[in-house]
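What follows is one structure encoded as structure tokens, with my remarks underneath.
Only heavy atoms go into these numbers, but all of them, side chains included; no hydrogens, no water, no symmetry mates. Chain A is the first sequence line, chain B the second, and so forth, proteins listed ahead of strands; every chain is numbered from 1.
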Amino acid sequence: MDPEKLKDIEKKWQKRWKEAGIFEADVDRSKEKFFLAHAYPYPSGPTHHGHARAYLFDDAIARYKRMKGFNVLYPMGWHCTGNPAMIKAEKIHRGDRETIEKLKEAGVPEEEVVKLKDPYKYVRFFATESDLSYKSCLETVGCSIDWRREFMTIDDSYKKFIQWQYSRLKELGYVQQKEYPVVWCPVQEMPLGDNDVEDESQGAKVEEYVAYKFKIEVDGKEVLLPAATLRPETVYGVTNMFLNPELDYVVAGVDDERWLLSRGAYEKMKYQREDVSPIEEFSAEDIIGSYCKNPVTKRDVIILPADFVKGDSATGVVMSVPAHAPYDHIAIEELKKRKDVLKKYDIGEDELDFDYIGLIDLEGYGKYPAVEVVEEMGIKVLDEDKLKKATKEVYRKEFHKGTLREITAYPGKKVDEIKDKVKEDMLARGLAEIYYDTSKPVVCKCGAIGVIKLVDDQWFLKYSDRKWKDMSLDLLEGADVVPDKYRKELEYYLDEWMGDKPCARKKTLGTELPFDKDWMVEPLSDSTVYMAYYTVSKTINQENIEAERLDGSVFDYVFWGKGEPENCKVEKDILKEMREEFLYWYPIDMRIAGTEHLSNHLSFMIFHHAALFDESKWPRGITIHGMVLDEDGNKVSASKGNGYNMKEIAKGGSIDAMRLGMYAKSSPWDDIKFGKKEVDRTIENISSRFQKMLKYVMIEGAEEDTKDVLDRWILSKMQRHTKNTEDAMERLELMEAVNHAFYAVFNDVKDYINKKESPNRRVFKKVIKTWIRILAPFAPHLCEELWKKTGGDGFVSQAEWPEVDSDVIDQAAERGVELGNTVEGDIREIKDITGLEKPEQIRLVVSAEWKRKMKSAVEEGKDLSELMEKDMFRKQGKRAAHYFQELKGEHEREGTMDVEEELQALEEMKEWFEEMFQAEVVVEREEKSQEDKAGKARPGKPAIVLKN
RNA sequence: GCGGGGGUACCCAAGCGGCCGAAGGGGCAGCGUUGAGGGCGCUGUGCACGUAGGUGCUUCGUGAGUUCGAAUCUCACCCCCCGCACCA
């Protein structure tokens, strides 16, 4: 085959596979089934080689299992519900230049870009309808998928499936409604996840502040100063308040009270409470220097000016606890130096001379831990970064180790145990209110400032439910997790980390909640048991079953065997077929996803299966894949443009080479550094190996009646390679498998060909046919071609995996060739050291029988005097004693060859030595040798004599 | 902070108590082939010494320990990565 053609065979075989439909899987009760499903992709943009790697993991497994005789179901669908595509489409609609440029750069034709302003067109484009799509990617790399089962989560029929699930989950009590704070975009009116906000806003969390209502009278009317804190217990240590005179404040009506808030806080407050009424402007300057009353301690504290108080964080009213808050301490110290400011607000110096109030006992610290930490760290001025560190330090220690003092209502209690109780008590007594804010400012990708909205009728999945958790843990226990190191992490998520999860939102691409049409099922929550849908999607697609007919009773029957087929709107025999498919294929044997999905998709899958299906239908295996990084260690992604689209690869080079390169790089679950340059290099390198492989495969060889040591050796090694590949595949260690099936075989075949003048035709043919088959899961296109060229029947994709025959394993031959290699190395070394460049003769002296006897005797633990009683050894005299000492010193080496075996092996490899060193080679027995050095011969290590 | 995973020679990456100076791949070097380059084949690739296949020293993040013996086990320390949700 022309080297240039390597890439052409890929398309050819993909076409033939498709025509023959060999990856289409139907119920076949005569075969054991294997059902694997990868996380279906979310088509948010163009694909790249990072995606390819993830799916190639599945493909190798699917192909291997097929060859091992399993009926393999390997389907794919498209997760189109969600926001990213919607947001992108909107941006295109608005004409956002960056978005449009990026898409063009990624290869979307100009005239197409405009069309993508429709979110449905957008997802279709990247799911299936373009060269940049996931489907194109999967097809181009040769994934052996049953495409008849393909579906999109925005299909009406799939929505029916989701509605069935949620109706049933609600009936089971796992879906409930309650109040919940979410980060919210006031413009788009929807909750914001990390994907929806600008980069610098990512990671923002909802923080629950306790706002203590300090009291002050202004113009005869009471105004409350809601001082927001994350440490409610510190209210006992307040010495003063801080307001920022520069900041815009308002007084708002909240319930029947009047609250002082920064304008920002007021705007945000409206989303959290219904009873916030219009406002009047207020200048903080009016009350700075006055006193207000601590609602808990009833103590009057002074209000001080502070320019560090921010308008976009919390309430704009800050209570100061200098004994435990480094920031407050430094602020007071700083203020003491600002005579001008004090004068401006008419604050006497003595008014700042108050004692701090320590309220937490902390081992190793005095009354005021904050002051000590600040001193330790050498902080003298308002240095934000340093103070942040100091605050963290103090908080960590006090929270974990501190106990409250007598001045609080909770003397002796540990802070971490009492914190929530303090909050509850204060709220109950009406002294404080909850105020939510984001942990840092949030800017939505639409440009709006994010707020916290208190949704009062939020639908939840009750993942906190103990019984549900326990069932999920049972499921996990019965499932294989590969690699098992992730089991602990999953356990932790299921058992502890998972809490109630909002499962619906107001605006998204997706499915309406069946029992509350104002809500859409949140996109992660519609992707939990979709694997079950693959078992029926084939029938739904083929029979064109309209969505209206797929009501709950259909799925009740198909998945649960509940109810009567007669009552369904789908024909009875079709329904039975669906039921049959489900019963045959389910449960799923292997569910594959990335590490980033452990805490969501995979955990949800476990929860929902546990809730909806009985134990016999619970997933049997969870497998994790790693991701692809570029040379700088960044994730390969569409937005960075650091990945290859598969079409580019297919045009320029061999997909199979890329596949092998990816498999060989590291275990499937580890991340690999595989940037574009390295992809190029790898493809080039492996392609050239392919060319050599092609050459080897086509060697005819010669008809020979007997098998020499090399023949027996290569046959034996092929058994081992097959076995090793198989073992590795059973553990999903693709890297190891490829190392055996490709590199190790390659090296052995190369060796064999180098050492033999001409291969033994029958032996070589057998070797090649084995090789092609064990390589087929990894480089399927090439192997199909070779299979055909070497006269294989049908598709290698459907060929049987070679049976391992342990009778063919020939240890003597393996030892023989190994001996040959050692001798070769030794000869080389001797040549090097002695400078005898071109010896005319090489004598190989095989060690004497008695040495072998002595060796095994020593291994059995015999001592010298015992041995010397025997004639055989006594005859040797001193030599025997010396050798005995030597044997005692060396650690045992197993598998001693006997004299005849060693002689034969060396004789058989004589020609090869002669060829290699261009010298006459003589093999002889130690007993018969005239050479002085003959005595150096050891079992398995002949004496070597070079002669000029 | 919580939870999980890691640090192996120039690089990637296996190994997880003795067979480990440490698989495999890449890179690099030498030799051969070739019209040079490339490619291909062979060989080498911790250091030192050696005119006979050897010997000595040294190495698996750092330090200490267990053991006849440690890259592998224990402890402490340093460093790196991932997830922390309502978002795919």
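Side-chain nitrogen and oxygen atoms of A:Lys831 include none within less than 4.0 Å of the OP1 or OP2 phosphate oxygen of B:A52. Taking only side-chain nitrogens and oxygens, A:Ser599 never comes nearer than 4.0 Å to OP1 or OP2 of B:G3. Between A:Asn747 and B:G25 there is a side-chain N or O to OP1 or OP2 distance below 4.0 Å. For A:Lys695, no side-chain nitrogen or oxygen approaches OP1 or OP2 of B:C40 to under 4.0 Å. Not one side-chain nitrogen or oxygen of A:Lys635 sits closer than 4.0 Å to the OP1 or OP2 atom of B:C82. The phosphate of B:G26 has OP1 or OP2 within less than 4.0 Å of a side-chain N or O from A:Asn685. The phosphate of B:G26 (OP1 or OP2) has a side-chain N or O of A:Arg689 nearer than 4.0 angstrom.
For A:Trp497, the listed nucleotide lying nearest its side chain is B:C84; candidates were B:C40, B:C84, B:C82. In the set B:G83, B:G24, B:G4, the nucleotide with an atom closest to the side chain of A:Tyr493 is B:G83. Candidate nucleotides B:A52, B:C82, B:G24 were compared by shortest atom distance to the side chain of A:Leu946, and B:A52 ranks first. Checking B:G53, B:C86, B:C2 against every side-chain atom of A:Ala943, the shortest atom distance belongs to B:G53. Set against B:G26, B:G5, B:C12, the side chain of A:Lys485 has B:G5 as its closest nucleotide. Comparing atom distances between the A:Asn600 side chain and each of B:A13, B:A88, B:C82 picks out B:A88 as nearest. Checking B:A52, B:C86, B:G41 against the side-chain heavy atoms of A:Tyr180 singles out B:C86 as nearest. Closest to the A:Tyr743 side chain, of the nucleotides B:A88, B:U43, B:G25, is B:G25. Distances from the side chain of A:Lys750 to the nucleotides B:G41, B:G54, B:G25 place B:G41 closest. For A:Glu829, whose side chain is taken as the heavy atoms from C-beta onward, the closest listed nucleotide among B:G5, B:G53, B:A88 is B:G53.
B:C73 and B:G7 have their P atoms separated by 11 Å, with the value rounded to a whole Å. B:A85 and B:C78 have their C1' atoms separated by 32 Å, given to the nearest Å. Spacing between B:G61 and B:C11 at atom P, rounded to whole Å, works out to 13 Å. Rounded to the nearest Å, the gap between the P atom of B:U66 and that of B:G4 is 29 Å. Taking atom P in both B:G46 and B:G35, one finds a spacing of 35 Å when rounded to whole Å. Comparing the same atom, P, in B:A70 and in B:C31 gives a spacing of 41 Å after rounding to whole Å. Comparing B:U59 with B:A22, their P atoms are spaced 16 Å from each other, to the whole Å.
Across all strands shown, the partner of B:C42 is B:G30, judged by Watson-Crick or G-U wobble contacts whose two distances both fall under 3.5 Å. The partner of B:A9 cannot be assigned: no Watson-Crick or G-U wobble pair with both contacts below 3.5 Å exists in any strand. Across the strands present, B:A48 finds its partner in B:U55; the criterion is a Watson-Crick or G-U wobble pair with both atom distances under 3.5 angstrom. Shown here, B:A14 forms no base pair; nothing in the strands shown gives a Watson-Crick or G-U wobble contact with both key distances under 3.5 Å. Figure legend. B:C75 is base-paired to B:G63; pairs are counted as Watson-Crick or G-U wobble with both atom distances under 3.5 Å. With a cut-off of 3.5 Å on both Watson-Crick or G-U wobble distances, the partner of B:C84 is given as B:G1. Searching all strands for a Watson-Crick or G-U wobble partner of B:A36 with both distances below 3.5 Å returns nothing. Of all nucleotides present, none satisfies the Watson-Crick or G-U wobble test against B:A22 with each distance under 3.5 Å.
A salt bridge links A:Lys947 to A:Glu931: at least one charged side-chain nitrogen sits closer than 4.0 Å to a carboxylate oxygen. Using a cut-off of 4.0 Å between Lys/Arg side-chain N and Asp/Glu carboxylate O, A:Asp630 and A:Lys640 are scored as not salt-bridged. Salt bridge annotation for A:Lys723-A:Asp727: present, with a cationic side-chain nitrogen under 4.0 angstrom from a carboxylate oxygen.
Residue A:Pro181 is out of contact with every strand shown, counting any heavy-atom pair closer than 4.0 Å. Using a 4.0 Å heavy-atom cutoff across all strands shown, A:Leu598 reaches no nucleic acid atom at all.
A ring-ring contact (aromatic ring centres under 6.0 Å, His included) with A:Tyr174 is found for exactly one of A:Tyr166, A:Tyr463, A:Trp468, A:Phe460, namely A:Trp468.
The six-membered or imidazole ring of A:Tyr530 lies away from that of A:Tyr158, with a centre-to-centre distance of 6.0 Å or more.
Judged by a 6.0 Å distance limit and a 45° cone about the ring axis, A:Arg53 is not positioned over the six-membered ring of A:Phe674.
Taking 4.5 Å as the limit, every side-chain heavy atom of A:Ser133 sits out of range of all side-chain heavy atoms of A:Phe125.
Rounded to an integer number of Å, the gap from CZ of A:Arg681 to C1' of B:G27 is 8 Å. Taking atom CZ of residue A:Phe126 and atom P of nucleotide B:A88, one finds them 17 Å apart after rounding to whole Å. Atoms CG (A:Leu524) and C1' (B:A88) sit 6 Å apart, rounded to a whole Å. Look at OH on A:Tyr486: it is 15 Å from P on B:C81, rounded to the nearest Å.
Between A:Asp751 and A:Ala937, the residue whose closest nucleotide on RNA chain B is further toward the 5' end is A:Asp751. Positionally, the nearest nucleotide of RNA chain B for A:Lys933 lies more toward the 5' end than for the other of A:Pro523 and A:Lys933.
The structure places CD1 of A:Ile827 at 10.5 Å from OG1 of A:Thr822, a figure rounded to the nearest 0.5 Å. Rounded to the nearest 0.5 Å, atoms CE (A:Met662) and CG (A:Leu734) are 12.5 Å apart.
In the interface, the side chain of A:Asp826 is paired with the base of B:G53 through a donor and an acceptor atom under 3.5 Å apart.
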